[in-house]
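Following: one structure in structure tokens, then a few remarks.
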There are 4 protein chains.
Amino acid sequence: MNDQTRRGPGRRRDPDARRRILEATVALVAERGYAGVTKEGVAARAGVGRTTIYRWWPSKGAVVLEALRGIFEVRAPDSGDTRGDLVAYARGVAETLTATTYGAIVPGLAADLARDSELAADFRRLCVAPTRASGIQAIQRAVARGDLPEDVDAELIIDIIGGVVFLRTLVTHAPVESDLADKLVEIILSGHRV
Amino acid sequence: MNDQTRRGPGRRRDPDARRRILEATVALVAERGYAGVTKEGVAARAGVGRTTIYRWWPSKGAVVLEALRGIFEVRAPDSGDTRGDLVAYARGVAETLTATTYGAIVPGLAADLARDSELAADFRRLCVAPTRASGIQAIQRAVARGDLPEDVDAELIIDIIGGVVFLRTLVTHAPVESDLADKLVEIILSGHRV
Amino acid sequence: MNDQTRRGPGRRRDPDARRRILEATVALVAERGYAGVTKEGVAARAGVGRTTIYRWWPSKGAVVLEALRGIFEVRAPDSGDTRGDLVAYARGVAETLTATTYGAIVPGLAADLARDSELAADFRRLCVAPTRASGIQAIQRAVARGDLPEDVDAELIIDIIGGVVFLRTLVTHAPVESDLADKLVEIILSGHRV
Amino acid sequence: MNDQTRRGPGRRRDPDARRRILEATVALVAERGYAGVTKEGVAARAGVGRTTIYRWWPSKGAVVLEALRGIFEVRAPDSGDTRGDLVAYARGVAETLTATTYGAIVPGLAADLARDSELAADFRRLCVAPTRASGIQAIQRAVARGDLPEDVDAELIIDIIGGVVFLRTLVTHAPVESDLADKLVEIILSGHRV
DNA sequence: CATTAACCGAGACGGTACGTCGTGTCTTGTT
DNA sequence: AACAAGACACGACGTACCGTCTCGGTTAATG
């Protein structure tokens with residue numbers, strides 16, 4: 001989020017302070033969930049002045065995002081087997097979304113995203129886009145292989161997979177069964193039978 | 001949510017106070033979004049003591065839920081045309097989720113749902129269940145008509161429709177195109193071709 | 001500063017909280033001087049929410065004023081001996097102004113008075129006026145007795161006494177000798193010899 | 001306060017930086033009063049690093065003192081007329097103390113003087129002593145002339161003049177009437193009638 | 001018909017967190 | 001060596017809400 005370029009003379013940013021802040025954030029999210037994270041608490045836990053957080057991040061969401069962006073990563077394999085690749089992708093999405101930390105973050109974060117479009121853009125860029133891109137590539141490979149029609153709406157397929165898991169996790173709190181991935185991929189492939 | 005049984009001698013609940021609270025809540029949600037609603041603000045706007053809110057609702061989410069549950073209602077038509085009915089349902093869902101008020105509420109509310117399972121249960125019961133039930137009935141009629149196989153996973157179909165719209169509205173902030181409903185229903189019906 | 005009149009229904013002001021606040025203020029002034037008093041510190045010491053202080057006093061100066069107004073009290077005796085009464089008054093003023101607590105407060109308080117005219121008015125009304133009035137009465141008795149001319153400027157005499165002590169205490173930090181009162185009164189009486 | 005001698009190799013003190021700091025201080029005192037002057041603000045206004053201020057002055061009071069010491073200067077004339085000289089001196093004191101800038105500084109500065117004895121010493125040496133010395137000389141000339149007795153307490157007379165004006169300006173906020181100087185000198189001279 | 005208790009408005013209270021400002025110390029690179 | 005720039009930990013500020021609590025009033029069924 002911040003590069004290491006110089007910015008005129010003066011004391012440089014202290015990488016240790018930033019590290020402690022991010023670690024404290026991770027710990028607090030794990031312990032108390034997104035709502036339980038406060039700048040006050042992070043600063044205290046990190047042994048850092050509250051001002052330092054304000055200096056580098058505009059909002060709580062931004063800190064959490066940077067601290068936890070690593071967890072939002074799913075990659076579709078490239079095995080040559082369309083069904084297998086898509087199922088693996090769907091399973092990855094389901095596992096990530098139902099994992100403890102993710103569940104502790106996303107609902108609260110989503111609320112902030114709705115009010116902070118810059119944060120939302122960062123979230124999409126850092127967390128959503130790479131995963132989606134990986135899924136879309138898998139679909140494009142399937143098209144190349146002739147397993148899906150050329151005019152397939154890859155975005156929509158990705159959204160179907162993500163949407164169902166997202167909805168069940170965050171809204172209906174319905175279980176994400178182990179065979180959900182298979183069922184979804186079955187419908188998607190059948191629905192696009194060439 | 002509240003019965004009208006007597007409760008000994010003394011004054012009964014003042015329906016006017018409740019009404020003013022709910023109206024103030026609606027107004028505040030519209031003006032400032034879910035996060036902008038506070039018990040303090042509602043009480044002030046409603047000309048009501050803060051205590052009165054505490055007396056009748058356990059949380060801000062509960063007030064908002066009661067004040068706005070009416071907006072969460074989609075019903076699938078019963079025209080005899082499976083595709084038409086499902087498209088109408090999908091369009092209804094999309095329109096509701098993209099409507100101003102809904103967008104102002106759901107992200108914040110979802111954050112509270114994640115921390116308050118009672119509120120989550122109420123939300124599902126009052127807002128989610130009726131809409132889902134209507135969609136499921138439409139699917140059951142399609143099965144009866146022979147348009148969908150008997151072993152169709154109706155829940156999953158409903159979740160596909162809701163999930164895509166939900167995801168795009170709240171997370172990816174992607175546009176919900178006018179032909180989304182058609183595309184979704186096409187995939188679903190093709191994916192279950194008997 | 002606040003009377004005990006009703007102000008509509010509701011929980012009444014808690015006299016215990018106010019008492020604890022004022023006591024903590026006195027203690028902090030004694031320990032650390034006026035500049036060492038902070039609302040934060042008072043609240044912590046008094047075991048009180050910071051808000052409670054903000055509710056009842058508009059500024060730190062106002063709290064200190066209420067907590068310590070008792071110390072600003074000098075009364076001229078009425079012995080029938082003009083010189084004796086005035087000397088006693090001057091000695092009282094000198095003793096008060098050189099006393100520990102007073103010295104710890106007044107310079108800092110004076111700085112606030114310069115920026116807060118309401119506070120300044122309260123200070124004059126509560127702390128300055130009664131003492132001055134007592135001195136002026138002594139002068140009027142002297143006039144009645146024929147010890148001072150009828151057209152004497154009583155205010156000026158009071159200000160000479162107070163001014164010298166004030167100046168030495170706060171600005172020049174010069175000692176206030178034990179015979180200062182006698183010398184001052186001598187000059188004043190000689191200067192108005194009838 | 002600082003000489004221009006060399007001090008080993010390296011860059012010498014930048015007189016321009018000092019000048020800019022003092023000018024910025026004067027401007028800020030005029031605009032916002034003593035309390036409105038901050039090291040941060042001075043540095044920003046002067047286009048100077050905050051460190052530079054710390055290097056040369058130990059406290060805000062010291063900067064203000066150096067920036068504004070010129071305004072604290074009253075000199076008694078030497079006309080040969082005792083009454084006239086003393087009245088002129090008293091008028092000068094009154095005018096200085098009631099002048100805008102002075103009023104903006106002294107109350108706040110006095111608060112700092114009470115806590116910083118070094119600053120207090122500097123203040124007395126630079127601002128108070130010369131003016132007092134001038135007044136005392138006028139009194140000594142009066143004694144030489146036979147207008148005042150030999151054992152007159154010159155310090156006390158100076159303090160009477162300064163004290164009354166000081167008290168009215170800073171504490172009672174009473175007006176300093178145009179004939180105050182005459183009245184004071186009248187009392188003083190009558191009080192020492194030889 | 002008087003009692004009486006539930007309900008209501010108002011708001012005081014101890015708190016938590018916010019975002020801002022200033023402080024004094026420090027570090028870095030430039031002149 | 002002096003300087004600008006500014007990062008850092010810290011402390012205090014004034015504000016906004018929170019959840020709990022205590023009042024005095026109103027009101028309507030019950031005794």
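Lettering of chains follows the sequences in order, A, B, ..., and the numbering in each one begins at 1. These numbers come from the heavy atoms of this one structure, side chains and all, not from hydrogens, waters or symmetry mates.
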Name all residues meeting the side-chain hydrogen bond (donor to acceptor under 3.5 Å, both in side chains) criterion together with C/R19; count only those two or more places apart in sequence or in a different chain, and write none if there are none.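 For C/R19 the side-chain hydrogen bond (donor to acceptor under 3.5 Å, both in side chains) partners, ignoring immediate neighbours, are C/D16, C/E23.
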
Those residues that, when tested against A/E118, pass side-chain hydrogen bond (donor to acceptor under 3.5 Å, both in side chains) (two or more places apart):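 A/E118: no side-chain hydrogen bond (donor to acceptor under 3.5 Å, both in side chains) contacts found.
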
I'd like to know if the side chain of C/S117 reaches the main chain of C/A120, judged simply by a donor and an acceptor atom lying under 3.5 Å from each other, with no hydrogens or angles considered.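 Not confirmed, C/S117 side chain does not pair with C/A120 backbone.
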
Mark yes or no for whether A/K60, through its side chain, and A/V37, through its backbone, hold a donor-acceptor pair below 3.5 Å.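 Side chain of A/K60 to backbone of A/V37, a donor-acceptor pair under 3.5 Å: yes, one is there.
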
Flag the pair C/W56 / C/E66 as yes when at least one side-chain heavy-atom distance between them is below 4.5 Å, and no otherwise.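 Side-chain contact under 4.5 Å: no.
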
Indicate yes or no: at least one non-hydrogen side-chain atom of C/P107 is less than 4.5 angstrom from one of D/L113.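 No - every pair of side-chain heavy atoms lies 4.5 Å or more apart.
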
Residues from residues 109-119 of chain D sitting under 4.0 Å of DNA chain F, heavy atoms only?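 Per residue number, the list is empty: none.
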
What is the per-nucleotide protein-contact pattern of nucleotides 13-20 of chain E, from the 5' end, where B denotes a base atom under 4.0 Å from a protein heavy atom, S denotes such proximity for sugar-phosphate atoms only, and - denotes neither? BBB-BBBB

Enumerate the residue pairs fulfilling side-chain hydrogen bond (donor to acceptor under 3.5 Å, both in side chains) with a member in residues 100-112 of chain C, sequence neighbours excluded, ordered by first and then second residue.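 For residues 100-112 of chain C, and leaving out neighbouring residues, the side-chain hydrogen bond (donor to acceptor under 3.5 Å, both in side chains) pairs sorted by first residue read C/Y34-C/D112, C/D112-C/R115.
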
Kindly state each residue pair satisfying salt bridge (charged side-chain N to carboxylate O under 4.0 Å, His left out) with at least one member in residues 26-38 of chain B, sequence neighbours excluded.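 Checked against salt bridge (charged side-chain N to carboxylate O under 4.0 Å, His left out) - neighbours excluded - the pairs reaching residues 26-38 of chain B are B/E31-B/R45.
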
[X] [atom1] - [N] [atom2] separation (whole Å):
X	N	atom1	atom2	result
C/I53	E/dA12	CD1	C1'	14 Å
B/D16	F/dT26	CG	C1'	14 Å
D/W57	F/dA2	CH2	C1'	13 Å

Not counting sequence neighbours, list each pair that qualifies as a ring-ring contact (aromatic ring centres under 6.0 Å, His included) and has a residue in residues 103-123 of chain B.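 Residue pairs passing ring-ring contact (aromatic ring centres under 6.0 Å, His included), neighbours aside: B/F72-B/F123.
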
Applying the Watson-Crick and G-U criteria (both distances under 3.5 angstrom) with [ ] for crossing and | for other-strand pairs, one obtains for DNA chain E |||||||||||||||||||||||||||||||

Can you sort out the partners of B/A46 under side chain to side chain contact (heavy atoms under 4.5 Å, CB included), two or more places apart, ordered by chain and number?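 Side chain to side chain contact (heavy atoms under 4.5 Å, CB included) list for B/A46, sorted by chain: B/R20, B/I21, B/A24, B/V48.
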
